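Structure record follows, encoded as structure tokens.
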Amino acid sequence: MERRWGKNTFSILIVIAVSVLAIFAYALTRYLEDKTKQSTEVSAFVSTSKEVPSISPTKSSGGGNPNQLTPKPSPTSNILQLLIESVNNVGRVEENYKRFRQDQIDNISLEEFQLYVNLLHDLVGQNIETYLLMSHSEKQQTVNSILEHDPGHAEFLDKAVFYWLEYHQDDKVERLPIILSKSKNGETYLSRTWVRSCLELRNFASLYFSVLTDQNEDALYHLVYADSDDETVRLAKTQNLLEFYKDYVQAETVGPDRIVSVRMDQIQFRIPMEGANWDTNREVSLPPDKINGPTIASPTITEEDESEVSTGNENPSETPTTEPVPAKNQYHSVTIYKRDNDFIVVDAIPSDTWKVNAELEIGRDKTLKLGLTHNLEEWISYLGKPQAVYTFTMTDRTNQVKDFVRLQFMGYELVLSSTEAKENGPWILEEIKIYDSLMTLAGRYKPGQSLRSLYQEYLYMDTLDYQYTTFTGERVEFKIKKNRISEIVVRSLDFRTDQILGDISEEKAIKPDDWLKSIESQKTQATTEQTTSE
């Protein structure tokens, strides 16, 4: 009985062992099949197909086993690869859509995905070649730019990964931003918020340009942006834009292929201009009297202007043409922002007559320009004793540490920078801020000036968010409060860029008297050292 039981037990154990081995073999076979399938999918994606270029973001270092299986792409890589393959092959959108896991596309519908792919396809105009991570500074610039347009995106950007889609256009490398989101468990996905925001901007742009090309004044009146409740301002903008588009932009040149960039907060267009070259010295301003007629600051070429427009006819014996002369390399830029579900159209008729260089006039006897360089003793000799002094440092985008001092005077303040360790070294003027009506920007703009007077200088000043870059690269900003200029800030381009990208320390207050004593002490020490060395 015991022998028989032992024999049966042995048989059962053999059966179990065989079963386990069979299950293990089956599982191993399925695993290898699955790995081979994944490798085949990846290899097909990066094959030498005419339609689908290689879009791997990494470069091979060479060597290794040529027969080794291609590793499984990361979830992020998989999302970007499928998106790019869809853009490059719009006929395979539905097929690629089904290859996504639902958590990778945030429940984006097939229709939404198709519309987004078509938008990118129209924008790029050809194959996207690769994708790459944004650098730290590029990411920081993008975040700051989006938050400047809409602070409500802060939470979205805090859980995001930033990429470029790269392609060639007109023999130049172009980049298109795309931002992916991350879930609580760290999984990357294409956000429906991102996709829908891009599509909403595209749809609004289509409406806006159709209203312009149809010359629909009533509809445009409600779409045009004006930071004023003054009906005269909105009407003037409406009529100016209608005439500008009628004379300089043809309907067939405005389309999705003219998009140069799109992201969740903005869409940008670059539209070729037709007809004679647009003269940027022509004023586009609000007339002082109330508008009654349909024509205001009409951008048509006058007889006086026509004499300055080249006809392209270099032989004086030939009869000059009376046909409109195509605008050579002239484009009209339009940007549409989305903020709190509202659309803001930055569509400004080009004009440079209102721009002035960043020269501050203080009273009647003093002027300041960015870039002026003096030691601190010379600055004090010229400006007098400041009311308050603050110091700070900044490691700029080139990893250079700079010392800064902010000097506050009655009605204005200055920021000076230095890379010298000694107080008596050169200090460069980086920023000027004025908030007193006794001071003016180039004798033209001043604190206390009315908003309406700014429109009389340039009708689209609000469209540019009351800021511009001068011909020499300085940045000018008008701060508006209660329909008047409250401050005028002028910054050097480098200082403004470093403020965005650099690492700035907290400002430390120093008593002006202590600061002046420190400067005098440094001067005395330098004189002593010089005498000793001689």
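Since this is a predicted model, take the numbers as computed values, not measurements. All heavy atoms count here, side chains included; hydrogens, waters and symmetry mates do not. Count residues from 1 along the sequence.
Nearest heavy-atom pair, Gln499 versus Met394, reported as atom, atom and distance to 0.1 Å: N-SD, 4.2 Å.
Thr353 and Asn281 share no side-chain donor-acceptor pair at under 3.5 Å. The closest side-chain donor-acceptor pair between Thr280 and Ser351, if any, does not fall under 3.5 angstrom. In this model, a donor atom of one side chain and an acceptor atom of the other lie less than 3.5 Å apart for Thr470 and Glu474. Trp354 and Tyr468 form no side-chain donor-acceptor contact under 3.5 Å, judged by distance and modelled atom types alone. Side-chain contact of Arg263 with Ser145: a donor-acceptor pair under 3.5 Å is present, judged by distance alone.
A salt bridge is defined here as a Lys NZ or Arg NE, NH1 or NH2 lying under 4.0 Å from an Asp or Glu carboxylate O, and Lys172 with Asp170 fails to meet this definition. Salt-bridge check for Glu148 with Arg339: failed, with every basic side-chain N at 4.0 Å or more from each acidic carboxylate O. Salt bridge status for Glu187 with Lys182: absent, with no side-chain N to carboxylate O gap under 4.0 Å. The pair Glu274-Lys246 does not meet the salt-bridge criterion, since no charged nitrogen lies less than 4.0 angstrom from a carboxylate oxygen. The existence of a salt bridge linking Arg491 and Glu477 is confirmed by a sub-4.0 Å separation between a basic side-chain nitrogen and an acidic carboxylate oxygen. A salt bridge links Glu112 with Arg196: the closest approach of a Lys/Arg side-chain nitrogen to an acidic carboxylate oxygen falls below 4.0 angstrom.
To the nearest 0.5 Å, atom CG of residue Asn216 and atom CG of residue Leu242 are 8.5 Å apart.
No more than 12 heavy atoms of other residues, nucleotides or ligands lie within 6.0 Å of CD in Glu155, so this atom counts as exposed by the packing criterion. Within a 6.0 Å sphere centred on NZ of Lys355, heavy atoms belonging to other residues, nucleotides or ligands number more than 12. The neighbour count for Glu231 CD, taken as heavy atoms of other residues, nucleotides or ligands under 6.0 Å away, does not exceed 12. Counting heavy atoms of neighbouring residues, nucleotides and ligands inside a 6.0 Å radius, atom NE2 of His136 does not exceed 12 of them. Other residues, nucleotides and ligands place more than 12 heavy atoms under 6.0 Å from the CG atom of Asn185.
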Worked verdict on Glu138 versus Arg175 for salt bridge (charged side-chain N to carboxylate O under 4.0 Å, His left out) = CA-CA 12 Å; Glu138 290 169 341; Arg175 288 178 173 180; 3.2 Å; yes
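Tyr225 pairs in a side-chain contact (heavy atoms from CB on, under 4.5 Å) with only one of the listed residues (Asp462, Asp342, Asp347, Val346), which is Asp462.
A cation-pi arrangement is not found for Arg258 relative to Phe269, the charged atom failing to lie both closer than 6.0 Å to the ring centre and inside a 45° cone about the ring normal. In this structure, Arg282 satisfies the cation-pi test against Trp278, with its NZ or CZ atom closer than 6.0 Å to the six-membered ring centre and inside 45 degrees of the ring normal.
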